[in-house]
There are 2 protein chains.
Amino acid sequence: MAFSLPDFLPYLLNQAAEAASREFQSRYRSRYGMLRTEWRVLFHLGCYGELSAKQICERASIHKTKVSRAVAALQAKRYVSRTTDPDDRRREVLSLTRAGKRVFDALQVDAEECEAKLTAVLTPQEQAHLRSSLAKLMHFGS
Amino acid sequence: MAFSLPDFLPYLLNQAAEAASREFQSRYRSRYGMLRTEWRVLFHLGCYGELSAKQICERASIHKTKVSRAVAALQAKRYVSRTTDPDDRRREVLSLTRAGKRVFDALQVDAEECEAKLTAVLTPQEQAHLRSSLAKLMHFGS
DNA sequence: CGCTAACAGTTGCTTTTGTAACTAACAATG
DNA sequence: CATTGTTAGTTACAAAAGCAACTGTTAGCG
């Protein structure tokens, strides 16, 4: 039986992911000069509150050097502040500054618009199925 | 209403795509020293026969510089050969060498194994829905 | 305690990607 | 046919990612 590239899940997933990302990317990039890892870190802090770099790495499965540099960039933009955890001085607790919260709020609106555009091509049932399947695949290797 | 990061499609899609890619990546990387764009180019030629770089760019929506470099790398590995199209001497027609075909055949087996592992976490119906939704999202911006 | 191992995070160096400018070939217009 | 514009593909330079080695801190164990 012939192999079909457009049915190969890693390929299909990647194509869909890139198409979806492009839409949102234009917003955080042009307006705030942020990189992909940067908005992710910002959103993690915005959605879940204070976290250490390590916790972000685990939740998002991003490598620690990427997070480290994203945090440094966000700190340079004054969106994120850090304090050393007094109970474990290796740990740096990250949180959004007021400016960071404002940017998060603004990008949240963009994200919702983007989500609306994407989900518009799917029925509510398709959306539910998609999310459920993606969630299963996401935790694949772990 | 609170924004939920794990329900945000660009994020969810990306996480799932990366998880799925990791599985296959280990194979083409360790065994053939190939990069992501390289296996894609190889598979395009393997699945569809002779193509120009431009055609691969369009089909896979990969930037032309990435394809250019992937083709150069595949040519250096003697997996791909090129001939100038006599009807349009700007055009370079690419095709797999015998060695390239062998590698393609081997990787096809790996791809099918990988696909099987991934689809194992989904029912046949879920798979069908997933593919259909991904296909819709894939052609989003175009 | 003192020693070793593990951990959080950073930095330096290499590889890969992105962007823009380039070459070479064709096409259209006057 | 000259000139201007367009296309296929490459290359040079800058930005970003990956990897390994490093610092500083905590934890375990003799």
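- At whole-Å resolution of the value, CZ in R91(A) and P in dG9(C) are 7 Å apart.
- One N or O on the side chain of Q15(A) and one on the backbone of A60(B) form a donor-acceptor pair closer than 3.5 Å.
- For R131(A) and E115(A), the salt-bridge test passes: some basic side-chain N is under 4.0 Å from an acidic carboxylate O.
- Looking at heavy atoms from C-beta onward, K64(B) lies out of side-chain contact with K54(B) at the 4.5 angstrom threshold.
- The residues R31(A) and D110(A) are annotated as salt-bridged, a charged nitrogen and a carboxylate oxygen being separated by less than 4.0 angstrom.
- Salt bridge annotation for E113(B)-K117(B): absent, with no cationic side-chain nitrogen under 4.0 angstrom from a carboxylate oxygen.
- Considering only side-chain N and O atoms, S52(A) lies nowhere under 4.0 angstrom from the phosphate OP1 or OP2 of dA8(C).
- Using a 4.0 Å cut-off between charged nitrogen and carboxylate oxygen, K136(A) and E126(B) count as a salt-bridge pair.
- For F43(A) and F3(B), the ring centers sit closer than 6.0 Å to each other.
- For the pair L94(A)/H44(A), no side-chain contact is recorded, criterion being any heavy-atom separation below 4.5 Å from C-beta on.
- Between its opening and closing five pairs, the helix from dC1(C)-dG30(D) to dG30(C)-dC1(D) changes axis direction by 10°, a value rounded to 10 degrees.
- Taking a heavy-atom distance under 4.0 Å as the criterion, the stretch of DNA chain D touched by chain A extends 5' to 3' from dA16(D) to dT26(D).
- Across the protein-nucleic acid pair, D87(B) atom CG and dA25(C) atom P stand 15 Å apart, rounded to whole Å.
- Residues Q25(B) and R36(B) bring no donor and acceptor atom of their side chains to less than 3.5 Å of each other.
- Aromatic ring centroids of F24(B) and W39(B) lie under 6.0 Å apart.
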Check: With the sugar-phosphate defined as primed atoms, P, OP1 and OP2, and the base as all remaining atoms, what B/S/- string results for nucleotides 15-21 of chain C, 5' to 3', for protein heavy atoms under 4.0 Å?
Finding: -SSBBB-

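- At whole-Å resolution of the value, NZ in K54(A) and P in dA6(C) are 14 Å apart.
- When the nearest nucleotides of DNA chain D are assigned to V71(B) and R89(A) by heavy-atom distance, the more 5′-ward of the two goes with V71(B).
- The shortest distance between side-chain heavy atoms of T97(A) and V80(A) does not fall below 4.5 Å.
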